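Read the structure below first, then the notes.
Remember, it's 1-based here, ligands and their atoms both numbered in the order they're listed. Keep in mind that what you see is a predicted model, and the values were worked out from it rather than measured. Side chains included, hydrogens not; waters and symmetry mates left out as well; all remaining heavy atoms used.
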Amino acid sequence: MVDLAAIRHNVTVLRDAAAPAEVCAVVKAGGYGHGAAAVATAAVDAGATWLAVALVEEGQALRAAGIDAPILVLAEPPASSFGAAIAADLAITIYTPERAEQLDRAARDAGTRARAHLKVDTGMHRVGVPRGDWDAILAARPGWSHVEVEAVWTHLACADEPGNPVTDEQLDRFDEFLARAAATGLRPTITHAANSAGALIHPRARRDLVRAGIAVYGLSPSDAVAAADHELRPALELMTEVSFVKRIPAGSAVSYGHTWTAPDEGWLATLPIGYADGVPRLLSNRAAVILRGRRRPIVGTVCMDQLLVWCGDERPDEGDEVVLLGRRGDEAVTAEEWAGLVGTITYEIVCGLGARVPREYRDSDG
Ligand SMILES: *Cc1c(COP(=O)(O)O)cnc(C)c1O
């Protein structure tokens, strides 16, 4: 269950933090598992002026859903998709002269102009124009008659580590890239550098636009940049219902490998959700769910489609609501908690939610 009011709230928090920079809501990977179109619509309603995706296909899907805000494709797509990207009016990230020329040709063939965001590598060393190639790209640019360079941008490697000097070094290098561009007459209307952590804690990174993903969903970029410290609210709850209940004798071992044994006689609940739905198998015998207002431990090995919960003396009923991620009263289970238990980040938890989990929406303000 995704609360669209929480998405809007988080976008408002980001707008206030980043102003006068504008907010680009990153909705790649199915809106970090939340559902791209619904999140995009809520984010735009709350004042996000841009959206970003990883793939041209993701941008096309947003257009098909009726979303007309500017959309940036964050990685250089294959030239074979340029026609589709131009038809969907997507802004395309470019970092090689070959791809720029191909984009120019595709735009000329389509009888229009393509929108390009040139990405420069200031230290992430993943993708982007390396420092040594920047002058060559700038020299080639006047030849791209059908490409409008709308933005120059970069990406920060360590923004979620508050004291890490790499962020300032990257921003210094970004300024050098921009100065060299200006010397050739390229003064893009938009520059952007910050992800969520950059937007929240590095004022220098904010520039004209911040590309915020994880914070839009109300989740923490890292332990050091905690969502709760910035008044962000998690939008997603993962829920199911008890599918089967039984009383087992003390000493009963349960699930694959018999990794847990009941200490006493008591009630065991089966839930119809497992690792295929995004409950990590590493949570076996580690995490808890909220059932009837109390935290109850996941016991035994998490299976592909099912898992078991120990309820001790309290008998649950089939059909009882179970909260795997979310809050009921004073009890909460967070994506941050799961991430800590399995040694990953909140991003991987929500992106890992399975395709077969129905995405449902509510609006706690509506
Ligand atoms: C995914 C992504 C973002 C969003 O990062 P968050 O940490 O989720 O805010 C921003 N920029 C780029 C290039 C990305 O790939």
side-chain hydrogen bond (donor to acceptor under 3.5 Å, both in side chains) between Ser243 and Thr270, intermediate numbers included: CA-CA 6 Å; Ser243 59; Thr270 304; 5.2 Å; no

field: Arg206 vs His192, side-chain hydrogen bond (donor to acceptor under 3.5 Å, both in side chains): CA-CA, chis, key distance, verdict
entry: CA-CA 7 Å; Arg206 288 173 192 148; His192 49 100; over 6 Å; no

Distances only, to 0.1 Å: what are the N or O pairs between ligand 1 and the protein that fall under 3.5 Å?
unit_1, atom_1, unit_2, atom_2, d
ligand 1, 7 (O), Tyr347, OH, 2.6
ligand 1, 8 (O), Tyr32, OH, 2.5
ligand 1, 8 (O), Ile214, N, 2.8
ligand 1, 9 (O), Ser196, N, 2.8
ligand 1, 9 (O), Ser196, OG, 2.5
ligand 1, 9 (O), Gly213, N, 2.8
ligand 1, 11 (N), Arg211, NE, 2.9
ligand 1, 11 (N), Arg211, NH2, 3.4
ligand 1, 15 (O), Lys28, NZ, 2.7

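Between Glu337 and Arg295 there is a salt bridge, with a side-chain nitrogen of the basic residue lying less than 4.0 Å from a carboxylate oxygen of the acidic one.
With Asp168 contributing its side chain and Pro165 its backbone, the two residues share no donor-acceptor pair below 3.5 Å.
By the ring-ring contact (aromatic ring centres under 6.0 Å, His included) test, His34 is found to be paired with Tyr217, residues two or more places apart in sequence or in another chain being considered.
Ring pair Tyr347/Tyr32 is tilted by interplanar angle, where 30° to 60° counts as tilted.
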